[in-house]
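Heads up: the structure comes next, in structure tokens.
Counting begins at 1 with the first residue of the sequence.
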Amino acid sequence: MSEFVESLHETFERLGRIETRRMFGGHGIWHEGRMIALVAKDTLYLKADAESAAHFDKLNLPPFTYVRQGKSMPMSYRQAPADLFEDREEAALWGRLAYEAALRSGQPPKPKKAPAKKAAVKKTSVKKKTAKAASR
């Protein structure tokens, strides 16, 4: 994982716990089971929607785009403002804005994985074999 992605845990510390995961050559950033941001080429893009777009437009922050069949395809993620990396309160505000957009998107939260259970070891069969061997 890149140092930039690792640093986001500290950047968003006032928002709360975030999770990062590799995906599509970049990283996804989740908060409380919702994808709130993505990182591509060490650039952070925050989840945006029609309600939050004005905040990004005011700062001329472009959308994340990718090329598909020769066409530029914009996504619902916008470049994060540079101030976010210098001020934890600012990061929390922008993080909440992205989280609220993720909530409005209608996408269900990422399900939490249940912890793996260890298989029970049958001790009785081991004891029986040992007892039979000892009686011989």
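- Between His55 and Trp94, the two ring planes are perpendicular [angle over 60°; tilted spans 30° to 60°].
- For the pair Asp57/Arg78, a side-chain contact is recorded, criterion being any heavy-atom separation below 4.5 Å from C-beta on.
- Taking both residues in full, the closest heavy atoms of Leu61 and Ala80 are given as CD2-O, 4.1 Å, listed atom of the first, atom of the second, then distance.
- Annotation: Phe85 is in aromatic contact with Phe4 [ring centroid separation under 6.0 Å].
- Between Ala40 and Phe64 the shortest heavy-atom distance is CB-CE1, 3.5 Å.
- Across every non-hydrogen atom of Ala91 and Leu84, the tightest pair is CB-O, 3.5 Å.
- Checking each of Phe12, Tyr99, Trp30 against Ile18 for a side-chain contact (heavy atoms from CB on, under 4.5 Å) leaves exactly one that passes, namely Phe12.
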TODO: Determine, step by step, whether Arg104 and Ser52 satisfy the side chain to side chain contact (heavy atoms under 4.5 Å, CB included) criterion, reporting the C-alpha distance in whole Å, the side-chain angles of both residues, the deciding distance to 0.1 Å, and the verdict.
DONE: CA-CA 11 Å; Arg104 289 188 294 269; Ser52 64; 4.2 Å; yes
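- Counting all heavy atoms, side chain and backbone alike, His27 lies closest to Val5 at ND1-CG2, 3.5 Å.
- Residue Thr65 comes nearest to Pro74 through the heavy atom pair CG2-CA, 3.5 Å, listed as atom of the first residue, atom of the second, then distance.
- In this structure, CD on Glu89 lies 4.5 Å from CZ on Arg14, to the nearest 0.5 angstrom.
- Considering every non-hydrogen atom in both Met75 and Tyr66, the closest pair reads CG-CE2, 3.7 Å.
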